There are 4 protein chains.
Amino acid sequence: MKKREEPPREEGPLRADAARNRERVLAVARELLASGDASLQMNQIARAAGVGVGTVYRHFPTRQDLLEALVNEHLQALLDQARAAEEAEDARLGLRRFLRAVLDLLLADVGLAEVLNAQRDAHTQTSRLKAELFAANDRLLKRAHRAGLVRAEIGADDIQRLMCGIEHAVRIGEDRRALAERYLTILLDGLRPA
Amino acid sequence: MKKREEPPREEGPLRADAARNRERVLAVARELLASGDASLQMNQIARAAGVGVGTVYRHFPTRQDLLEALVNEHLQALLDQARAAEEAEDARLGLRRFLRAVLDLLLADVGLAEVLNAQRDAHTQTSRLKAELFAANDRLLKRAHRAGLVRAEIGADDIQRLMCGIEHAVRIGEDRRALAERYLTILLDGLRPA
Amino acid sequence: MKKREEPPREEGPLRADAARNRERVLAVARELLASGDASLQMNQIARAAGVGVGTVYRHFPTRQDLLEALVNEHLQALLDQARAAEEAEDARLGLRRFLRAVLDLLLADVGLAEVLNAQRDAHTQTSRLKAELFAANDRLLKRAHRAGLVRAEIGADDIQRLMCGIEHAVRIGEDRRALAERYLTILLDGLRPA
Amino acid sequence: MKKREEPPREEGPLRADAARNRERVLAVARELLASGDASLQMNQIARAAGVGVGTVYRHFPTRQDLLEALVNEHLQALLDQARAAEEAEDARLGLRRFLRAVLDLLLADVGLAEVLNAQRDAHTQTSRLKAELFAANDRLLKRAHRAGLVRAEIGADDIQRLMCGIEHAVRIGEDRRALAERYLTILLDGLRPA
DNA sequence: GATGAATGAGCATTCATTCAT
DNA sequence: AATGAATGAATGCTCATTCAT
């Protein structure tokens with residue numbers, strides 16, 4: 001929780017070895033998240049990355065910092081997908097593709113949902129990405145409303161929550177690929193105006 | 001993890017004071033689950049209940065024992081609801097009422113989903129209740145299939161997973177009452193044959 | 001450690017059921033000692049004996065009380081053996097038989113050595129038995145000295161210690177019967193005047 | 001019981017402060033063993049050494065690790081003594097000196113007997129030392145057999161057990177120095193062919 | 001910057017002993 | 001007398017975080 005008392009250095013480019021360590025830590029953490037272990041224990045990560053704990057703490061003072069660093073790549077990826085979806089000819093297909101991408105990433109990265117649902121972010125970049133994603137999501141949704149694909153009372157926040165719910169449902173089961181497809185279909189059908 | 005070597009004594013009625021303590025422990029644990037804390041730490045519970053740790057362990061040798069004791073009441077309640085739903089005139093209404101009850105209980109008791117999704121149970125009673133609930137769920141679902149309310153490929157296990165997912169979605173949001181209603185509607189609409 | 005505040009009842013005969021319980025506790029404890037478990041945990045004993053812990057404590061306020069109650073029978077048995085050995089024609093044979101009996105009982109009852117080597121006893125009876133045993137041991141030894149079987153500087157306390165040592169050596173090995181015989185022979189040969 | 005998952009890192013020389021702490025822990029543990037307390041409780045040791053529990057665990061993940069670390073020095077010392085004894089002119093004197101050394105160390109270190117008699121070791125080094133010691137013991141014994149000093153049926157394992165037994169006998173008494181000498185003499189005399 | 005040893009609070013669990021029933 | 005529920009100190013062990021090297 002404590003902030004470093006160092007001069008708030010200006011985000012200059014890291015020294016080569018520092019950058020290498022940072023990447024190693026991120027890579028290891030990513031694997032752990034992907035394997036379903038969301039505990040992100042600093043010592044464990046340090047050991048697996050072959051660096052000292054101190055190094056992990058230097059790059060990521062809190063678990064939240066690390067988590068956001070990992071997740072932000074995925075947030076950016078989602079943002080790209082959302083923008084691509086906006087370009088899509090078919091509103092329905094665009095929406096579905098986007099939501100499928102969301103679902104896949106939520107399943108691949110246990111940390112993503114955690115960050116998405118967090119009330120506060122450690123980094124403004126995270127907040128910015130989340131806001132942009134939300135906005136894109138909202139635009140897609142507005143288009144879907146206009147196309148009669150989604151009932152009026154559903155907002156982007158509902159979509160976000162429902163996607164996290166679907167992820168949960170899929171995660172509980174065995175055959176994730178099949179369930180993802182099945183439950184997404186149910187969701188999209190259910191969203192249509194009655 | 002170690003099991004007590006005590007003979008599986010015949011569970012006669014508890015002494016008055018023992019029963020009082022047991023209830024106090026359960027009450028405290030229930031509150032914790034309701035508040036969203038599913039960690040169920042023995043020391044914490046003992047402190048909050050105003051009893052010694054040993055007392056908690058006497059009544060519930062493992063966290064799992066305690067968890068199942070709490071959840072079994074709710075499983076039984078759900079079972080009753082499921083049976084009532086089977087009696088309902090209207091298949092659609094019966095199903096909806098039942099699922100709403102499931103959702104409410106899942107929201108009120110974070111332990112419920114945990115037990116429901118656990119592969120193994122500590123007590124046979126838990127397994128029995130889960131099996132009976134599943135069976136009732138399955139009967140309700142069969143009836144819904146026949147009534148054309150639910151698409152054919154959806155099984156009782158899907159329902160169980162989807163309900164856990166919906167719970168998750170609702171829990172993330174603010175106004176649980178409204179969201180529960182809204183998302184349940186979406187689910188039921190989505191489940192209908194295309 | 002605390003003594004009961006009850007009137008120091010005059011050791012009147014126990015009520016029939018009390019006597020039965022006392023025997024059950026002793027029987028269970030005996031088995032535990034024989035099985036090599038010298039921990040004598042009150043709860044464990046109570047459970048195995050089918051009585052409440054309180055009952056065990058009533059009969060044997062401390063672990064030491066219980067231990068001595070168990071061991072005293074064996075001390076008495078040894079005393080009988082020692083007296084029989086004193087009657088024996090052959091000093092050497094008498095001594096050997098006695099020491100063999102000591103060894104067998106030490107092996108059969110892990111508590112025996114503990115009591116034998118304790119500095120203080122809980123019951124005067126134990127002290128009396130130990131003293132009598134020591135005296136008998138001493139008489140046997142004196143006779144052995146006169147018969148030139150044991151070197152002069154060896155006292156009854158040495159014998160006691162050496163027997164506990166031999167017991168230990170035998171206990172470490174596998175084939176207790178064979179080792180007991182072998183090591184006892186070595187001891188007796190070693191004790192002879194140089 | 002759980003083993004650390006750390007890579008079996010190459011045991012480079014410790015940092016100065018780490019080495020100091022390690023030694024402090026070992027010193028405290030040594031004293032405890034010497035005082036006859038073989039329980040080696042981690043918290044107790046940490047407190048007495050003036051370090052945190054974690055430090056003890058870092059250096060010695062299990063009680064067994066600590067125990068073997070302490071004992072291995074003594075095993076090595078014994079091995080040296082055994083080899084010196086093999087060089088001795090006089091077989092009898094060599095054997096006696098060696099056994100005396102064994103006895104002294106067993107008395108000075110309650111852990112030694114425990115490790116010596118353990119079926120399994122945590123470290124291969126311990127197993128190696130034990131095996132080498134046993135082999136040296138065996139060679140000394142063979143030489144004693146040839147010199148007519150020890151009866152044929154006695155093996156190195158008997159010697160090991162008997163030494164533990166003698167240690168026990170000495171430990172029970174008061175004047176350890178005198179008893180060690182006395183009982184060792186009895187043992188050696190007793191071992192001679194009849 | 002990097003390291004990793006050290007710290008100690010915190011949770012799990014056991015067991016000797018007391019005392020209300 | 002008997003019961004066994006309750007107690008809580010004691011011990012084991014983990015892990016997030018700090019800081020000397």
Side-chain angles (χ1 to χ4, degrees), chain A residues 1-2 6 14-19 21-22 39-44 46-47 50-59 61-63, chain B residues 1-2 4 6 9 12 14-22 39-47 50-59 61-63, chain C residues 1-2 4 6 14-22 39-44 46-47 50-59 61-63, chain D residues 1-2 4 6 9 12 14-22 39-47 50-59 61-63:
Chain A
M1 289 300 128
K2 277 241 299 297
E6 295 181 19
L14 288 175
R15 253 169 43 183
D17 56 341
N21 278 337
R22 190 173 199 281
S39 64
L40 284 192
Q41 298 174 17
M42 299 305 225
N43 283 298
Q44 182 190 24
R47 203 182 318 129
V51 303
V53 223
T55 304
V56 179
Y57 274 95
R58 163 164 290 268
H59 289 293
T62 71
R63 180 182 176 282
Chain B
M1 284 303 124
K2 278 238 297 297
R4 290 303 171 89
E6 296 187 22
R9 74 207 142 65
L14 286 179
R15 241 167 52 182
D17 57 341
R20 193 163 49 246
N21 277 332
R22 190 175 200 278
S39 64
L40 286 191
Q41 299 171 14
M42 298 305 226
N43 285 313
Q44 180 190 25
I45 291 171
R47 203 177 325 121
V51 301
V53 227
T55 303
V56 180
Y57 276 94
R58 163 169 286 272
H59 290 292
T62 72
R63 190 195 103 101
Chain C
M1 285 303 125
K2 277 245 297 299
R4 291 307 170 95
E6 296 182 18
L14 289 175
R15 254 169 43 182
D17 57 340
R20 195 162 47 248
N21 278 338
R22 190 174 200 279
S39 64
L40 286 191
Q41 298 175 18
M42 300 305 225
N43 283 299
Q44 182 190 24
R47 204 183 316 130
V51 301
V53 223
T55 304
V56 179
Y57 273 94
R58 163 164 290 271
H59 289 296
T62 72
R63 179 183 177 279
Chain D
M1 285 305 122
K2 276 236 299 294
R4 290 301 173 90
E6 296 187 22
R9 73 208 142 68
L14 287 178
R15 239 166 56 183
D17 57 341
R20 194 162 48 248
N21 276 333
R22 189 174 202 277
S39 65
L40 287 190
Q41 299 172 15
M42 299 304 224
N43 285 319
Q44 180 190 26
I45 291 171
R47 204 177 324 122
V51 301
V53 227
T55 303
V56 179
Y57 276 95
R58 163 170 286 272
H59 290 292
T62 70
R63 190 195 103 101

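Remember, it's a predicted structure, so these values are computed and weren't measured experimentally. Letters A, B, ... are given to chains in the order of the sequence lines, protein chains preceding strands, and every chain is numbered from 1.
Rounding to whole angstrom units, CZ of residue B:R47 and C1' of E:dA12 are separated by 13 Å. Rounded to an integer number of Å, the gap from CD1 of D:I45 to C1' of F:dG12 is 12 Å. Taking atom CZ of residue C:R22 and atom C1' of nucleotide F:dA2, one finds them 16 Å apart after rounding to whole Å. Whole-Å rounding puts the B:R63 CZ to E:dA12 C1' distance at 13 Å. In this entry the distance linking CD of B:Q41 with C1' of E:dC11 reads 6 Å, nearest Å. Computed from coordinates, the C:M42 CE to F:dT3 C1' distance equals 15 Å when rounded to whole Å. Rounded to an integer number of Å, the gap from D:D17 CG to E:dA6 P is 6 Å. Rounded to an integer number of Å, the gap from B:Q44 CD to F:dG8 P is 18 Å.
Positionally, the nearest nucleotide of DNA chain E for D:G50 lies more toward the 5' end than for the other of D:G50 and C:S39. In terms of position on DNA chain F, the residue among B:G54 and D:L40 whose nearest nucleotide sits closer to the 5' end is B:G54. Nearest-nucleotide positions on DNA chain E for C:V53 and B:R20 put C:V53 closer to the 5' end.
Of the candidate nucleotides F:dA2, E:dG1, F:dA16, F:dA16 has the atom lying nearest to any side-chain atom of A:Y57.
With a 3.5 Å limit on both pairing distances and Watson-Crick or G-U wobble geometry required, the stems of 3 or more pairs in DNA chain F span E:2-21 with F:2-21.
Nearest heavy-atom pair, C:S39 versus C:Q44, reported as atom, atom and distance to 0.1 Å: OG-OE1, 4.2 Å. Minimum heavy-atom separation, A:M42 to A:R63: CE-N, 3.9 Å.
Here the CD1 atom belonging to D:I45 is positioned 12.5 Å from the OG1 atom belonging to D:T55, to the nearest 0.5 angstrom.
Just one residue in the list D:V51, D:N43, D:N21 forms a side-chain contact (heavy atoms from CB on, under 4.5 Å) with D:V56, and that residue is D:V51.
Checking the phosphate oxygens (OP1, OP2) of F:dA6, a side-chain nitrogen or oxygen of B:H59 falls inside 4.0 Å. Distances shorter than 4.0 Å separate some side-chain N or O of B:N21 from OP1 or OP2 on F:dA6.
Contacts of C:N43 with the nucleic acid, taken as non-hydrogen atoms under 4.0 Å apart, include base atoms.
Partners of C:R20 according to the side chain to side chain contact (heavy atoms under 4.5 Å, CB included) rule, which considers only residues two or more places apart in sequence or in another chain, are C:D17, C:R24.
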